[in-house]
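Structure first, commentary second.
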Amino acid sequence: MPSSSINIGNKNNTLPISTRKKTIAHSTGSLPEIGGGGGGGYFNKHYRLHHRWQVPIDGCYVICRRTISLLICIRPRKNKINCILTVLMLIMVIVMFMKYLHMIRLNNEMPTDEDHIVIRRQILSETNTDYAQESNIWRNPVSDEHHGCIDRLTNETRNRSAPTNGYILVQANGGLNQMKMGISDMVAIAKLMDATLVLPTLDHKSFWTDPSDFKDIFDVKHFKTTLQDDIDIVESLPSHLAEVEPHQKDPISWSKPSYYQGEILSLLKQHKVVNFLHTDSRLANNDIPDSIQKIRCRTMYEALKGINKINELARKLVSRLKQNNDHYLALHLRYEKDILAFTGCTHDLSQKEADEITSLRYSVKHWKVKKIKSTQKREQGNCPMTPREAAIFLQAMGFPSSTKIYIVAGEIYGEHGLDEFKEKYMNVYTHSTLATEDELKPFKDLQNQLAALDYALALASDVFVYTYDGNMAKAICGHRMFKGFRKTIYPHKRKFVKMLDELDNGRLTWDEFALQVKKVHANRTSRPRRRLGGVKPKREENFYANPYPGCICENR
């Protein structure tokens, strides 16, 4: 049973992480401290490529000429002064020639990649390790004057005396965060149709089969109060409609407001009660009025507040991680059985384990894709990182081995679990190891409630890193942006696995690898940037992963 005191682990910050692979003959130490910038600019790069040997050739020619002159001057009856001058000039040419050879050697040792201002600043900051850790690793991205803004205008407040157009029943589907996004969409849709929302019901048939209802996870009173000026919310249908057969409807995914204010509103007025069977991704990411976007964020970030037992335990665990003013990193390591089976990713698994998750994929009917090439999927960057890959990524980014890391995930799949990760990072915690047995007893076998607990700890972390772009990663990323652009790092997995394979095969040294990883991820943080559109709604950036524009404003 863990106590409330957390000990700092081993501070040795060296690789390699032992693996089941053969040992590679290359350096795997930490990124070295470098005292100066890359220097040289375009001229040095151009000179190295096109004139590297011109001066040595000229120097040899001069030396030969002067040597012949020296031999001639030694002959009798020649001017002794001319001889002395020749000797001095010869010495000077030799000295200059040696200096130039030294300069060539130094230039060859310098990286020839294109200068990148972010990397140069990062290298300079690492001349002081303590400074780098405190002001670089943990520093939030620059957000200028961007900030979350979801206040409603006076004319956006609902008229409580106006009659409702009907009642919406909502069957939220998926895991916890998928359901939260769906519920937030349904609140916005109710506003679009001037409808009354019946308190949503949660999915009990997903992979986790959690029996928790809405009131078991979310504060119902707070939910209704926060949204009372947007829509009307009731806990059940009124008595005169209790016996009415609801009209079953599966709304079209990624629909615009016009769809709900047209076709769906007509059905609602006709039947009075409409039951939405699915809620995930039923409202488009873009081309939505700001007032409606703000309702989505108001629901997601304020109304869907956890109940007291979740919030209280979350505060205790955050306090334990932050004791002595320590920082901690939350890692969404989605290396779990269900996502591996869904994606078909088997990298670093044994043949027995790979067969097991393949069998699970074939047994789930609504997972349409059955034949998956794991290697190809990994190379495309569509697999969750393995524990080993995640540890190497964090080290390359500069996080020391003493970093406190909270794993935001369920049970890590595979015989070796977190073993390889812990070989590098010893201060690793989960809700199971950070909380006491008695504290976790009320949450036993309630995966959605535990997911709500993990969400709270990820939101409060100093840095959040996710290794798979799932619903939880999207939700936390967007929420952290809304709360002040708290640092979030999202790996470029396609480029990372390519660099890692080159490291493992000896084609990159550790220093080269670490520098490339930092360069690729210099701007892959939760800095302010406008949401990306796309030709198809599914290709657009998810609204909840980046609520700007819509719920984030910029004061000029």
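All residue numbers refer to positions in the sequence shown, counting from 1. Side chains are part of it too, since the values below use all heavy atoms of this structure and drop only hydrogens, waters and symmetry mates.
Taking the centre and axis of the six-membered ring of Y548, the NZ or CZ atom of R530 falls inside the cone set by 45° and 6.0 Å. In this structure, K180 is positioned above the aromatic face of Y455, its NZ or CZ under 6.0 Å from the six-membered ring centre and within 45° of the axis.
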Worked verdict on C383 versus C345 for disulfide bond (SG atoms under 2.5 Å apart) | CA-CA 6 Å; C383 286; C345 297; 2.0 Å; yes
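Between H492 and V520, the closest heavy-atom pair is CB-CG1, 3.9 Å.
At a threshold of 4.5 Å between non-hydrogen side-chain atoms, the residues Y362 and K371 count as touching. You'll find the side chain of K487 reaches within 4.5 Å of the side chain of P141, heavy atoms only.
By the neighbour-count criterion of 12 heavy atoms within 6.0 Å, atom NZ of K370 is densely surrounded, having more than that number from other residues, nucleotides or ligands. By the neighbour-count criterion of 12 heavy atoms within 6.0 Å, atom OH of Y259 is densely surrounded, having more than that number from other residues, nucleotides or ligands. Heavy atoms of other residues, nucleotides or ligands lying less than 6.0 angstrom from NZ of K538 number 12 at most.
Side-chain polar atoms of S461 and R486 form no donor-acceptor pair below 3.5 angstrom. Side chain to side chain, H416 and D348 fail the donor-acceptor criterion of an N or O pair below 3.5 Å. A side-chain donor from one of N159 and S161 sits under 3.5 Å from a side-chain acceptor of the other. Judged by distance alone, the side chains of E411 and Y335 never bring a donor and an acceptor atom under 3.5 Å apart.
The existence of a salt bridge linking E439 and R320 is confirmed by a sub-4.0 Å separation between a basic side-chain nitrogen and an acidic carboxylate oxygen.
Note on residues 238-280: no pairs pass disulfide bond (SG atoms under 2.5 Å apart), not counting sequence neighbours.
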